[in-house]
Participant: 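Following this message is one structure expressed as structure tokens.
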Amino acid sequence: MPELPEAETIVRDLQDRVAGARVTAVRVIWEDVLAPGLSPHKLRHSLRNRQIEGVSRRGKNVVLEFEGDLRLIINLGMTGRVISSRSPRAVELQHIAVRLALADGSALLYDDARRFGCLDLRDADGWRARNAELGVEPLSADFTARRMHEITRKSTTPIRNLLLDQKRIAGIGNIYANEALFRARVRPRRRARRLTRSETRALRDALRVVLREAIAARGTTFSDYRDGEGESGAFEPKLRVYGRDGLPCTVCRTPIKRIVLTNRSAFYCPRCQR
DNA sequence: AACGCGCCCTGTCCGC
DNA sequence: TGCGGACAGGGCGCGT
């Protein structure tokens with residue numbers, strides 16, 4: 001599932017492929033990946049003949065920045081992929097939902113098997129509003145140990161659930177939430193408010209380390225994720241708890257446990273994590 | 001207000 | 001071998 005490191009990898013790939021390109025045509029194959037209120041007609045007429053000035057990221061969202069302060073915000077959901085038709089793997093795509101034709105003859109493809117992803121078009125004000133709904137960027141200087149503690153102390157929810165809340169911290173999904181909790185030696189079920197100051201600091205540090213390592217590895221391909229070139233990420237073998245239930249802990253060999261919190265799996269080492 | 005649940009969707013895996 | 005059902009989960013709407 002694409003989270004911050006996967007979105008970041010895609011953004012870096014796309015910067016090489018599409019920055020400066022001009023959209024010549026827009027084809028919407030699956031209308032249900034468009035945000036509510038965004039019609040294929042509106043998307044087509046807004047983007048046609050418009051230049052892509054840059055590609056950036058906010059949380060797990062890939063953001064295509066167009067001239068005229070217009071942004072296409074791409075949330076990849078579970079199985080979303082954004083790939084240039086020029087990349088050799090593009091021929092493998094089987095669920096193309098939206099196709100942006102570019103002036104150089106290539107195309108930017110949005111592919112999404114399950115169609116949980118979402119494309120939203122925002123002007124300057126709309127983007128400001130959307131941006132304000134998202135929490136702190138975990139790799140930014142704003143994400144201090146103090147900030148982490150302020151976030152956790154306001155909540156009674158299990159800490160794993162808090163980490164998934166994009167309104168509080170942007171970009172963390174189930175894989176990196178569990179990996180960071182393991183590295184910080186905190187159990188997923190612990191109530192956020194109950195974490196000590198040293199634990200919230202350890203968790204903040206662990207989040208930043210694991211996200212950076214995952215970016216360096218070009219993301220985790222657990223099942224469906226592909227980068228902007230259609231290639232798999234290399235972080236999966238480095239996962240220490242996610243998807244490893246029953247397998248020995250990499251530190252103490254105790255079998256990793258799987259529990260379910262609000263309908264989502266959580267993984268932890270019952271010996272290493274308190 | 002904060003929290004948790006159910007739903008959207010389809011590829012994959014398991015058991016019979 | 002084939003098929004039905006369970007499962008995976010990000011984000012959102014809704015009820016408590």
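Below, read A as the first sequence line, B as the second, and so on, with proteins coming before strands; counting in each chain starts at 1. Computed from a predicted structure; not experimentally measured.
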Participant: Would you mind reading off the distance between A:Asp32 atom CG and B:dC9 atom P, rounded to a whole angstrom?
Facilitator: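 One finds 7 Å between P of B:dC9 and CG of A:Asp32, rounded.
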Participant: Answer yes or no as to whether C:dG9 has its base stacked against A:Phe116, where stacking requires a ring-centre separation under 5.5 angstrom and planes under 30 degrees apart.
Facilitator: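 Base of C:dG9: stacked against A:Phe116.
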Participant: Considering every strand and a 4.0 Å limit on heavy-atom distances, what is the contact class for A:Asp112: base, sugar-phosphate, or nothing?
Facilitator: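 No contact.
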Participant: When you measure from the side chain of A:Pro158, which nucleotide among B:dG4, B:dC3, C:dG9 comes out closest?
Facilitator: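 Output: B:dG4.
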Participant: Applying a 4.0 Å non-hydrogen cut-off, can you work out what A:Tyr242 is touching in the nucleic acid: base, sugar-phosphate, or nothing?
Facilitator: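 Touches sugar-phosphate only.
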Participant: Verify the contact: side-chain N or O of A:Arg114 to OP1 or OP2 of B:dG11, cut-off strictly under 4.0 Å; return yes or no.
Facilitator: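 So the side-chain polar atoms of A:Arg114 never come under 4.0 Å of the phosphate oxygens OP1 or OP2 of B:dG11.
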Participant: Indicate whether the side chain of A:Glu213 and that of A:Tyr176 have a donor and an acceptor atom separated by less than 3.5 Å.
Facilitator: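 No, A:Tyr176 and A:Glu213 have no side-chain donor paired with an acceptor closer than 3.5 Å.
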Participant: Does a side-chain N or O of A:Gln166 approach OP1 or OP2 of C:dG11 to a distance below 4.0 Å, or not?
Facilitator: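 True: A:Gln166 side-chain N/O within range (under 4.0 Å) of C:dG11 OP1/OP2.
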Participant: Given C:dC12, C:dG9, B:dG4, identify the nucleotide with an atom nearest to the side chain of A:Thr262.
Facilitator: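 Minimum distance to the A:Thr262 side chain belongs to B:dG4.
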Participant: Does A:Arg168 make a side-chain N or O approach to OP1 or OP2 of B:dC3 shorter than 4.0 Å?
Facilitator: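 Result: yes.
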Participant: Using OP1 and OP2 only, check whether a side-chain N or O of A:Thr157 sits under 4.0 Å from B:dA2.
Facilitator: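 Result: no.
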Participant: Do A:Asp165 and A:Arg168 meet the salt-bridge criterion of a basic N to acidic O distance under 4.0 Å?
Facilitator: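 Salt bridge flag = yes for A:Asp165 with A:Arg168.
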Participant: Looking at B:dC8, I'd like to know if its phosphate oxygens (OP1 or OP2) sit under 4.0 Å from a side-chain N or O belonging to A:Arg115.
Facilitator: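 Looking at the OP1 and OP2 atoms of B:dC8, neither is under 4.0 Å from any side-chain N or O of A:Arg115.
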Participant: Counting only side-chain nitrogens and oxygens, does A:His95 get under 4.0 Å of the OP1 or OP2 atom of B:dG11?
Facilitator: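 The answer is yes; a side-chain N or O of A:His95 sits under 4.0 Å from OP1 or OP2.
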Participant: Is the terminal nitrogen or CZ of A:Arg115 (NZ for Lys, CZ for Arg) located under 6.0 angstrom from the six-membered ring centre of A:Trp30 and within 45° of that ring's axis?
Facilitator: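 Flagged: A:Arg115 positioned over aromatic ring of A:Trp30.
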Participant: At under 4.0 Å between heavy atoms, what does A:Glu3 touch on the DNA or RNA strands: base, sugar-phosphate, or nothing?
Facilitator: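 Result for A:Glu3 = nothing.
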Participant: Please determine whether side chain to side chain donor-acceptor pair (under 3.5 Å) holds for the pair A:Asn174 and A:Arg160, giving the CA-CA distance in whole Å, both sets of side-chain angles, and the decisive distance to 0.1 Å.
Facilitator: CA-CA 8 Å; A:Asn174 207 25; A:Arg160 199 291 312 263; 3.0 Å; yes
Participant: Given B:dA2, is OP1 or OP2 found less than 4.0 Å from the side-chain N or O atoms of A:Arg191?
Facilitator: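 A:Arg191 to B:dA2 OP1/OP2: no side-chain N or O under 4.0 Å.
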Participant: In whole angstrom, give the distance that lies between atom CD of A:Gln94 and atom C1' of B:dG11.
Facilitator: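 One finds 11 Å between C1' of B:dG11 and CD of A:Gln94, rounded.
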Participant: Using whole Å, report how far CG of A:Leu261 lies from P of C:dG10.
Facilitator: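 A:Leu261 atom CG is separated from C:dG10 atom P by 13 Å.
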Participant: With respect to the phosphate group of C:dA8, does any side-chain polar atom (N or O) of A:Ser265 fall under 4.0 Å of OP1 or OP2?
Facilitator: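 It does, given that an N or O in the side chain of A:Ser265 lies less than 4.0 Å from OP1 or OP2 of C:dA8.
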Participant: What is the distance, to the nearest angstrom, from the CG atom on A:Asn178 to the P atom on C:dA8?
Facilitator: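 After rounding, the gap between these two atoms is 13 Å.
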Participant: Side-chain N or O of A:Thr156 versus OP1/OP2 of B:dA2: is the shortest distance under 4.0 Å?
Facilitator: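 Checking A:Thr156 against B:dA2: no side-chain N or O falls below 4.0 Å of OP1 or OP2.
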Participant: Ignoring backbone atoms, establish whether A:Thr79 has a side-chain N or O less than 4.0 Å from OP1 or OP2 of B:dC9.
Facilitator: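 So the side chain of A:Thr79 is outside the cut-off, no N or O lying under 4.0 Å from OP1 or OP2 of B:dC9.
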Participant: Using a 4.0 Å heavy-atom cut-off across all strands, classify A:Arg160 as base, sugar-phosphate, or nothing.
Facilitator: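 A:Arg160: no heavy atom of the nucleic acid under 4.0 Å.
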Participant: Report the distance from atom CG of A:Leu163 to atom P of B:dC3, rounded to the nearest whole Å.
Facilitator: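 Computing the A:Leu163:CG to B:dC3:P distance gives 13 Å.
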Participant: Ignoring hydrogens and angles, state whether a donor on the side chain of A:Thr156 or A:Arg193 is under 3.5 Å from an acceptor on the partner side chain.
Facilitator: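 Checked: A:Thr156/A:Arg193 side chains show no N/O donor-acceptor pair below 3.5 Å.
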Participant: Under a 4.0 Å threshold between the charged nitrogen and the carboxylate oxygen, would A:Glu92 count as salt-bridged to A:Arg89?
Facilitator: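 A:Glu92 and A:Arg89: salt-bridged.
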Participant: Tell me whether the OP1 or OP2 atom of C:dG11 has a side-chain N or O from A:Asn75 closer than 4.0 Å.
Facilitator: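 A:Asn75 to C:dG11 OP1/OP2: side-chain N or O found under 4.0 Å.
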Participant: Here's a test of your reading of the structure: between A:Asn263 and A:Lys154, which maps to the more 5' nucleotide of DNA chain B?
Facilitator: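 Its nearest nucleotide being more 5', the pick is A:Lys154.
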Participant: In whole angstroms, how far is the P atom of C:dG11 from the CG atom of A:Asn61?
Facilitator: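 Distance, rounded to whole Å: 7 Å.
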